[in-house]
Amino acid sequence: MALDKTGIAKRIAQELQNGWYVNLGIGIPTLVANYVPDGLDVEFQSENGILGMGPFPFEGEEDADLINAGKQTITVKKGAVFFDSATSFAMIRGKHVQLTVLGAMEVSQNGDIANWKIPGKMVKGMGGAMDLVASAENIIVAMMHSNKAGESKILKECTLPLTGVGCVKKVVTELAVIEIKDGKFHLLERAPGVSVEEIVSKTEGDLVVPDFVPEMVI
Amino acid sequence: MALDKTGIAKRIAQELQNGWYVNLGIGIPTLVANYVPDGLDVEFQSENGILGMGPFPFEGEEDADLINAGKQTITVKKGAVFFDSATSFAMIRGKHVQLTVLGAMEVSQNGDIANWKIPGKMVKGMGGAMDLVASAENIIVAMMHSNKAGESKILKECTLPLTGVGCVKKVVTELAVIEIKDGKFHLLERAPGVSVEEIVSKTEGDLVVPDFVPEMVI
Amino acid sequence: MNKVVRNVDEALVGIEDGMTLMLGGFGLCGIPENSISQLVKLGVKNLTCISNNAGVDDFGLGLLLQTKQVKKMISSYVGENDEFERQMLSGELEVDLIPQGSLAERCRAGGAGIPAFFTPAGYGTEVAEGKEVRIFNGKPHILESALTADFAIVKAWKGDTEGNLIYRETAMNFNPMMAMAGKITIAEVEELVPAGELDPNFIHTPGIFVQRIFKGEKFEKRIEQRTVRKRN
Amino acid sequence: MNKVVRNVDEALVGIEDGMTLMLGGFGLCGIPENSISQLVKLGVKNLTCISNNAGVDDFGLGLLLQTKQVKKMISSYVGENDEFERQMLSGELEVDLIPQGSLAERCRAGGAGIPAFFTPAGYGTEVAEGKEVRIFNGKPHILESALTADFAIVKAWKGDTEGNLIYRETAMNFNPMMAMAGKITIAEVEELVPAGELDPNFIHTPGIFVQRIFKGEKFEKRIEQRTVRKRN
């Protein structure tokens with residue numbers, strides 16, 4: 001059965017390593033914070049100027065001065081820090097953040113990502129995404145395998161304007177975990193009960209499929 | 001009579017304007033802080049990371065963490081701020097400091113300055129001087145008219161390695177106040193009792209002398 | 001050096017049609033609310049506004065869009081604003097979209113006298129069009145230039161009479177860099193204290209960057225996305 | 001994320017001959033005294049040291065010069081040190097002199113992922129030799145590159161277990177930028193407190209830049225120029 005958004009977040013949470021600073025994009029990536037494996041010490045950075053984000057506040061304790069990059073009210077953990085936007089992107093550009101998780105409209109087999117603009121439609125802007133993908137050494141894309149029209153988002157080449165080139169290392173969708181390496185997609189895991197055939201049929205790009213593809217353990 | 005160091009500092013202090021942030025170099029320039037005209041509100045910046053410097057501490061109240069760029073123990077005034085060296089030079093490079101006063105070994109008539117290196121002798125380094133002279137819009141040099149060998153320091157062209165090019169606007173020596181404009185020195189004032197002839201004879205560069213040269217009022 | 005002006009009217013003197021303004025804030029967090037209201041009142045037009053976001057329809061920079069006072073927005077993300085969308089799609093409003101980190105660094109550079117710097121952000125995208133590309137450490141970077149403004153308008157939590165500012169939590173965001181990059185920088189603060197009351201070790205924006213400071217009359221501090229969890 | 005190591009021995013593990021180190025401080029103010037003593041004890045050689053100054057003969061980096069552990073100094077001002085002078089004039093020691101503002105900005109750039117930037121400092125001087133010159137706003141600037149180090153060693157006033165640091169007065173100086181630019185950054189602090197004790201609004205160096213933190217055993221904090229005035 002294909003994963004829901006929570007499942008995708010849970011699977012990505014398994015990628016976390018002790019001691020990592022992590023930047024989570026808006027949407028599914030944000031959910032990853034809820035599933036940090038026990039005993040792992042990771043800190044969440046938000047590009048609007050905070051390190052050490054905690055959960056949402058209790059009702060009535062919202063603070064207008066305390067938001068994340070999605071403009072949601074949040075709280076902080078002990079040891080948190082606030083800083084300005086230049087310092088925040090110094091952390092990102094300077095590779096002090098070990099993992100970036102973000103959503104995408106398209107990913108190509110050489111690791112290009114498109115997630116900010118659809119020609120002819122309203123363009124809201126790239127926010128911090130271009131800085132994040134240009135600098136992060138470890139980028140995981142969290143997204144649905146296909147778009148609403150049923151077309152694959154895992155492509156030989158992106159058709160939409162790019163956010164970054166050759167940067168994505170791994171994609172986690174409702175169907176599969178896919179690694180990007182040597183200009184090709186490599187199927188690592190399939191969602192519980194999802195067949196390799198289904199994944200292959202929904203993947204437009206070149207997908208290397210090993211003899212045995214394990215099921216994800218969520 | 002030629003001015004002493006205090007006299008030079010007093011004369012330079014007359015150049016201060018209300019609301020200015022000022023960076024004072026080591027030596028004679030430091031003394032300028034002692035002669036701020038009454039009623040003028042100026043703040044002293046030191047490039048090691050302080051705005052709002054006060055006088056030396058009382059004996060026994062020295063603080064090893066609180067020094068100026070000359071590594072002297074100092075105090076702070078109300079409203080002072082400490083900051084890092086990058087921010088300090090952001091202030092300087094970004095032209096937020098209105099006046100820089102520093103010493104020199106040589107000044108040329110197009111405003112070049114040499115004050116950091118004598119070939120063949122021990123070189124201590126330029127410290128912050130190159131940043132200061134490259135960025136300040138208003139630079140006054142405080143120095144003796146001649147070097148210890150009796151040679152003029154006010155030259156057609158500098159002979160020593162440069163600190164900056166075309167940047168000095170005014171020179172105050174023990175003998176004269178000289179403006180640099182249109183590639184020439186212009187004699188503005190002479191020290192009390194010092195003759196125009198003496199100044200001319202001790203100035204190697206082209207010096208424009210008006211019909212009337214007022215005495216400094218110290 | 002006393003930077004205090006009596007009120008927002010006095011603070012914004014000199015802002016004219018066609019000028020470039022920087023406005024601090026991220027979303028509706030840490031925006032100079034009082035100054036934005038005053039800009040609406042002044043009716044200055046053809047403004048170029050450098051601000052990470054463009055507010056919402058009825059708050060923040062959205063107010064200046066409603067009154068069509070903005071000619072051009074320089075931002076990283078401009079969603080959540082229907083009037084903005086309408087003006088942009090109709091061509092009434094020019095929009096220059098910049099990666100958020102480049103926007104922050106370009107403002108800092110403007111204030112710090114760095115005319116240009118190389119960054120990897122945007123390489124290979126339309127952001128890089130027309131920009132110099134150079135390889136450093138095997139990786140392509142693009143040359144980005146400094147941004148400055150006729151006026152920078154920032155919002156701080158506390159300020160003193162010398163113009164020293166401190167910000168609260170994530171309301172800091174773009175305010176410190178923009179404060180550096182204004183030819184004239186105006187700070188509106190929630191609390192204005194005498195010089196000497198703020199700890200000199202913990203000033204976010206040294207007063208040297210600030211030309212005018214005033215206590216804002218009222219801060220609504222609207223929340224854009226109220227997200228909460230239930231108590232057990 | 002706990003960054004605490006037990007002592008200076010543990011903090012400096014991994015520093016080897018031939019490495020590049022950044023060391024915070026201005027003169028003798030805000031220098032990592034305990035780590036410098038430990039470097040002498042370790043006897044690591046052929047070091048390249050990036051530090052604004054070079055200490056005095058018997059304190060600060062001067063100690064590493066006495067023991068001839070330094071191959072190259074990258075500094076802005078290296079006076080007040082006879083042994084330094086001797087080694088420099090005899091050619092035993094390489095010295096790269098950099099304008100102080102460029103040194104600070106190059107360290108920040110190294111930590112911030114900016115590989116190069118333009119600055120006016122040094123144009124027309126020997127500092128500009130071999131560097132690209134470009135005119136911005138009618139004024140020539142030179143291209144300067146980022147600096148990084150195998151280890152950055154900084155000294156802070158207080159730090160917490162997460163590696164968050166605060167500095168005191170002008171002992172801040174180069175420490176924050178160097179903390180950003182080390183592949184591994186070591187912080188020695190006068191006071192080490194649990195996470196949560198420092199106000200998150202007033203941290204100078206966020207812990208993300210710091211890999212190891214320890215409480216220094218002893219701080220001499222020597223004064224280089226004791227200048228005082230008499231009481232009336």
Side-chain angles (χ1 to χ4, degrees), chain B residues 30 46-50 53 55-76 80 82-93 112-114 116-117 120-135 161-167, chain D residues 26-30 52-54 75-81 84-85 88-89 95 97-105 107-109 119-127 139-141 157 167-177 204 219-231:
Chain B
T30 303
S46 193
E47 63 266 28
N48 60 317
I50 177 169
M53 265 192 294
F56 294 147
F58 288 119
E59 266 189 287
E61 294 183 0
E62 312 90 311
D63 180 343
D65 289 338
L66 182 45
I67 63 170
N68 63 18
K71 287 138 196 166
Q72 299 171 313
T73 46
I74 52 162
T75 59
V76 292
F82 302 110
F83 37 84
D84 64 49
S85 303
T87 304
S88 186
F89 283 93
M91 293 174 187
I92 289 166
R93 219 188 293 103
D112 294 354
I113 176 172
W116 77 285
K117 184 173 183 177
K121 289 206 180 174
M122 170 64 186
V123 180
K124 294 193 168 188
M126 68 292 282
M130 282 194 184
D131 308 272
L132 281 158
V133 301
S135 297
L162 295 183
T163 308
V165 295
C167 52
Chain D
F26 185 98
L28 302 180
C29 182
N52 188 56
N53 312 94
S75 304
S76 87
Y77 189 85
V78 293
E80 357 301 352
N81 193 315
F84 185 100
E85 185 166 349
M88 183 174 169
L89 293 175
V95 180
L97 293 170
I98 297 180
Q100 196 177 132
S102 298
L103 179 60
E105 192 67 15
C107 293
R108 179 188 178 275
T119 175
Y123 169 75
T125 77
E126 63 187 55
V127 162
K139 191 171 160 173
H141 291 69
W157 179 27
Y167 308 95
R168 187 170 170 273
E169 299 173 346
T170 56
M172 186 187 305
N173 54 64
F174 280 82
N175 285 295
M177 287 79 65
H204 296 123
F219 288 93
E220 180 180 335
K221 298 196 2 173
R222 196 186 291 187
I223 290 175
E224 203 163 336
Q225 305 268 356
R226 190 175 302 270
T227 45
V228 296
R229 65 188 149 132
K230 292 254 180 268
R231 284 170 204 279

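Note that this is a predicted model, so its numbers are computed, not measured. Residue numbers start from 1 in every chain, and the chains themselves are labelled A, B, ... in the order their sequence lines are given, proteins ahead of strands.
For chain B, the option among D:Lys221, D:Glu126, D:Lys139, D:Lys230 with the highest count of heavy-atom pairs below 4.5 Å is D:Glu126. Among D:Leu89, D:Thr170, D:Val95, the residue with the largest count of heavy-atom pairs under 4.5 Å with chain B is D:Thr170. Contact count versus chain B (heavy atoms, under 4.5 Å) is highest, among D:Ala121, D:Ala54, D:Gly27, D:Pro99, for D:Pro99. Per-residue counts of heavy-atom pairs under 4.5 Å with chain B were compared for D:Met172, D:Arg229, D:Glu85; the largest is that of D:Arg229.
Scanning all heavy atoms of the two residues, the minimum distance from D:Gly124 to B:Leu162 falls at O-CD1, 3.8 Å. Scanning both residues, D:Thr227 and B:Gln72, for their nearest heavy atoms gives OG1-CB, 3.2 Å. When every heavy atom of D:Glu105 is checked against every heavy atom of B:Ala86, the shortest pair comes out as OE1-CB, 4.2 Å.
Side-chain N or O atoms of B:Ser85 include one that pairs as donor or acceptor with a backbone N or O of D:Asn173 at under 3.5 Å. B:Asp131 contributes a side-chain N or O that, together with a main-chain N or O of D:Ser102, makes up a donor-acceptor pair within less than 3.5 Å. Using a distance-only test at 3.5 Å, with no hydrogens or angles considered, no donor-acceptor pair links the side chain of B:Thr73 to the main chain of D:Arg226.
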Worked check of side-chain contact (heavy atoms from CB on, under 4.5 Å) between B:Asp63 and D:Arg168: CA-CA 11 Å; B:Asp63 180 343; D:Arg168 187 170 170 273; 2.8 Å; yes

Can you list the steps and then say if B:Asp84 with D:Arg108 is a side-chain contact (heavy atoms from CB on, under 4.5 Å)? CA-CA 11 Å; B:Asp84 64 49; D:Arg108 179 188 178 275; over 6 Å; no

Pair B:Met126, D:Val127 - check side-chain contact (heavy atoms from CB on, under 4.5 Å), show working. CA-CA 10 Å; B:Met126 68 292 282; D:Val127 162; 3.6 Å; yes

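You'll find the side chain of D:Tyr123 stays beyond 4.5 Å of the side chain of B:Met130, heavy atoms only. Side-chain contact between B:Ile67 and D:Glu224 is absent, with no heavy-atom pair separated by less than 4.5 Å. Within the 4.5 Å cutoff, the side chain of B:Asp65 has no heavy atoms near those of the D:Trp157 side chain. Contact check for B:Arg93 versus D:Pro120: side-chain heavy atoms found under the 4.5 Å cut-off. Here the side chains of B:Asn68 and D:Gln225 are not in contact, with every heavy-atom distance at 4.5 Å or above.
With a threshold of 4.5 angstrom between heavy atoms, D:Ile98 approaches chain B through N, CA, C or O but not through any side-chain atom. Of the two parts of D:Asn175, neither the backbone nor the side chain holds a non-hydrogen atom closer than 4.5 Å to a non-hydrogen atom of chain B. Both the backbone and the side chain of B:Phe56 come within contact range of chain D, judged by heavy atoms closer than 4.5 Å. With a threshold of 4.5 angstrom between heavy atoms, B:Val133 does not approach chain D through any atom at all. Proximity to chain D is absent for every atom of B:Ala90, based on heavy atoms less than 4.5 angstrom apart.
Contacts of D:His204 classified as ring-ring contact (aromatic ring centres under 6.0 Å, His included), with partners at least two apart in sequence or in another chain: C:Phe202, D:Tyr167.
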